[in-house]
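Since this is a predicted model, take the numbers as computed values, not measurements.
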Amino acid sequence: MLAFVRRFLNSTLGKGIALAFLVVIALAFAAGDISGLRPGGASSDVVAKVGGHKVHDAELTKQVQQELEGARQRDPNVDMQQLIAAGGVENILQRLVTSIALEKFANKVGMAVNNKLVDGQIASIPAFQGFDGKFDQATFERAIAQRGMTPAGLREAIGRDMLAQWLVSPTVGATQLPEQIALPYASLMLEKRAGQIVLIPSAAVSQGNPPTDAELTAFYAKNRARYTVPERRVIRYALVRADSVAGQATPTEAEIAQAYRAAASRFAATERRTVRQVVLADQNAANQLTAKVKGGTAIDAAARAAGLEAASFSDLDKAALGAQTSQAIATAAFAASEGAVVGPVRSPLGWHVLRVEKVSKVAGKTLEQARPELVAELSRSKAAGAINAVQEKIDGAINDGATFAEVVSEAKLSAQSTAPVTSAGTNPDQPNTPADPALARVIEAGFGAEQGDAPQIVQIEQDGSFAVVGLDRVLPAAPRPLAQVRDVVQKAFVAERAQQEARKAAAAILAKVNGGTPLAQAVAASGLKVPAPTPLTATRAQLAAQQGNVPPPVELMFAMTPKKARLIAAPGNGGWFVVYLDSITPGDASGDKRAIASARGGLGQVVGQEYAEQFAEAVRRNVGVTKNDAAVARVRTTLAGQGGAAN
C-alpha cells in the first residue's frame, strides 16, 4: 500500500508543476470543496515563504486532504498515515511552493495573464455550466459562494496556473537526446542476468500453538490501525429526476404545431449536392480549365495538369456549402444540374471551377411525420424547464435558511439516507458491496459538508436531474472492538508469527549460500518441504517490457552483485524468497540502431520532465524560498491524528 502511495505522489500527476490545474479545479468543485485553493483561514502558522508570499498551515493541510481524496479514487483503502509515510506532506508543500515561485518569476520578467483568457477557462469548468452545457452566471456565483471562495480568488488561482504552463511547457517539450547519451542506456537494456529463486513459504514452517489472550491483546494494540474503520457519514438526500416531472413535460398539440411552424425550413423539402472544385489564382487559367472539363476531361485530371488538386464537398445543403466555401459558390452550384460544370466563379480566394457530381432530393416532412422528433425535443425542453423551476424554488428556500427536512417537505420530495459510508461510498460493514455509482455526487457533497451546514443542490445527470443533499451525522474513525474482530486478529497473528519463522529458515539458507554452499543443496539441508530452486535468465529489456509488473524477486536480482544471495518477503505473509545471482553478461548496443533508437525514445519521455524540474529548482532559487520545518512537522502531527479521515 505504501508503495502505491509513493507511486501516486511521484507520478507525473503527483509531482508535476501543476500543469493540469484546471482539471483539479473542476474535480474539486465536483467533490464539493475547493476552499483549499485559496490561502489564509484562521491559521497564523507559516510553513513556507516564497519571495515574500506566506504559505499558511491551513492551506497546506487542505491541499494534503485533497491529495488523499485523489489517491482514494485509485485505491479506497489509502489512509492519511500512509500518505504521510510516503512523504506526501513534503511533496505537496514543494509543489505548492513551486507553483507560487513560478508565478513570482513570471511577474518579475513581465509576464501577465489576460482576463479574457481566465474568463474563458472559468466558462469551461463543468461545475459552472447550466443545464444547456453553457456557462451560467447564477450557477457560478452559487457554486463559489457555497464553498466560501470569491471570483477574485478563483481567477488568481487560474492565472497562476496559466503562467506556470507558459513557463514550463517549453522545457517539458524538450525531449531530444544525442545518440552518444542514449548508447549506454541501450547497452544497459541488453544486460543479461542469470540466477536462481526459491520460496520458503510460511506454510512450510511450524504454525505454533494458538495465541493466548494476552498475545492477541498485545498484537491488537500494536496493530490497531489495521482494524480502524475510517470516518463514515450518513448522508440524507432527495432526488429530482426528469421522470419525476414527466407530467409537466408532455407537449400539447398547440405546442407541437407551433414548433413545427418555427422549424418549417428544417422540415421542408431540400436538395443536397456533392461538388468538386478547383481554385485558381488567374482568371485566364480558370477559363482554360473550365473549357477542358466541359470538353470531357475529368476535373481531377485537369486540376493535376495545372499542378493543383480538386477538393470535394459531399452531400451538403446550400447553407452548409455556403458556410464551407462562399454564398456565391453555393448559389452557382445549386443553380446547376447534376453533371454540370460551373464557373469560373470569383471569391476572395480566387477563381473557382465547379462540377456538380450528384444531386440528392430530400423529401420534406409533414407534421405527422415530424411529430415523434418534435415531441422528444419538446419533452426534453419542458422537463429541463420543470426541473429548473423546482431547483430555483428549492434554492430560494435554502437561501432563506430552510433545513433539509423543511426543503424536502415543502417540495414534496422523498427523502432517503445512505448507510454509514466512507468517502469512497462503501460501507465497511458490507465489504463485498461496491459503491453505488449513481450516488457518487451525493457522497462527494456529503463529505464536503460540515455538521450544521445548509443543504446543497448537486446535479447528478446531464438532463438536469439533481439531488438535495444534507449531512445527517458523522461517525469518526475508530478501531473495531477486539471482540468483534477476534477471529481476524487471530489469523493475522498466526500468519505473522509463521512469517517470522519462515524468515529464520530462509536466513539460515541464505547464510549457507553466501558461505559457498549451492542454493539447491542449502535448501535440501534445511529439511523443509519446499519446491526446488527455479533457474531464471532475463535481460533488462525483458523487465522493461513488463511495464512495472515485474515480480519483486526478479527485480531484486537486477540490483545484486554476482555470486551473492539476498532475501525478500513474499506478499501477504506468504513467506520469503531467497534470490541468488550467478552471473551478469554486459550488453553492447554499439551498431544496434534499433536498440539505440528505442532508448532515445524512452529517455525522451522523461527528459522533458527532468528539464522542467531543473528549471523549477532554478526559479525557486531565483525567487527565494524558505521553509519552516517545525511548522511542517506540526501539520504532519495534526494530519496523523485524523486517522483515515480526509475531512
Side-chain polar contacts of residues 480-488 - donor-acceptor pairs under 3.5 angstrom, sequence neighbours left out - could you list them?
{"from": "Arg480", "atom 1": "NH1", "to": "Asp429", "atom 2": "OD1", "distance (Å)": "3.1"}
{"from": "Arg480", "atom 1": "NH1", "to": "Gln484", "atom 2": "OE1", "distance (Å)": "3.1"}
{"from": "Arg480", "atom 1": "NH2", "to": "Pro428", "atom 2": "O", "distance (Å)": "3.4"}
{"from": "Arg480", "atom 1": "NH2", "to": "Asp429", "atom 2": "OD1", "distance (Å)": "3.1"}
{"from": "Arg486", "atom 1": "NH2", "to": "Asp213", "atom 2": "OD1", "distance (Å)": "2.4"}

Is there a side-chain contact between [X] and [Y] (heavy atoms, below 4.5 Å)?
| X | Y | answer |
| --- | --- | --- |
| Phe558 | Leu556 | no |
| Met557 | Arg566 | no |
| Tyr220 | Thr217 | no |
| Leu216 | Gln490 | yes |

Check the pair Gln65, Met80 against side-chain contact (heavy atoms from CB on, under 4.5 Å), reporting the backbone distance first and the verdict last.
-> CA-CA 8 Å; Gln65 290 170 335; Met80 183 64 77; 4.3 Å; yes

Go through Val442 and Ile235 one step at a time and tell me if the side-chain contact (heavy atoms from CB on, under 4.5 Å) criterion holds.
-> CA-CA 8 Å; Val442 170; Ile235 302 165; 4.0 Å; yes

Between Trp576 and Ile568, is a side-chain contact (heavy atoms from CB on, under 4.5 Å) present by the stated rule, with each step listed?
-> CA-CA 6 Å; Trp576 290 82; Ile568 187 170; 5.6 Å; no

Of all the heavy-atom pairs spanning [X] and [Y], show the shortest one and how long it is.
| X | Y | value |
| --- | --- | --- |
| Ala415 | Arg236 | CB-NH2, 3.8 Å |
| Ala445 | Val458 | CB-CG2, 3.5 Å |
| Gly401 | Glu406 | O-OE1, 4.3 Å |
| Gly446 | Leu471 | O-CD1, 4.0 Å |
| Ser99 | Arg160 | OG-CD, 3.1 Å |
| Leu167 | Leu102 | CD1-O, 3.3 Å |

Does atom [atom1] ([X]) have a neighbourhood of more than 12 heavy atoms from anything else shown, all under 6.0 Å?
| X | atom1 | result |
| --- | --- | --- |
| Tyr227 | OH | yes |
| Lys108 | NZ | yes |
| Gln547 | CD | no |
| Lys627 | NZ | yes |
| Asn114 | CG | yes |

Could you walk me through whether Gln165 and Asp161 pass side-chain hydrogen bond (donor to acceptor under 3.5 Å, both in side chains), step by step?
-> CA-CA 6 Å; Gln165 290 186 52; Asp161 171 65; 2.7 Å; yes

Is the side chain of [X] donor-acceptor paired with the backbone N or O of [Y] at a distance under 3.5 Å, no angle test?
| X | Y | answer |
| --- | --- | --- |
| Arg441 | Gln459 | yes |
| Asp453 | Glu450 | yes |
| Gln391 | Ile457 | no |
| Asn622 | Ala618 | no |
| Asn399 | Asp395 | yes |
| Gln499 | Gly575 | yes |
| Asn628 | Val46 | yes |

Are any of the side-chain nitrogens in [X] or [Y] under 4.0 Å away from the carboxylate oxygens of its partner?
| X | Y | answer |
| --- | --- | --- |
| Arg233 | Asp472 | no |
| Glu67 | Arg95 | yes |
| Glu501 | Arg497 | no |

Hey, which of His56, Arg634, Lys54 is the one that makes side-chain hydrogen bond (donor to acceptor under 3.5 Å, both in side chains) with Asp45?
->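 Looking at His56, Arg634, Lys54, the match for Asp45 under the side-chain hydrogen bond (donor to acceptor under 3.5 Å, both in side chains) is Arg634.
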
Would Phe447 and Glu231 satisfy side-chain contact (heavy atoms from CB on, under 4.5 Å), going step by step from the backbone distance to the final call?
-> CA-CA 10 Å; Phe447 272 83; Glu231 179 186 291; 3.8 Å; yes

Using the ring of each side chain (for Trp, its six-membered ring), is Phe140 parallel, tilted or perpendicular to Phe128, with breaks at 30° and 60°?
-> perpendicular

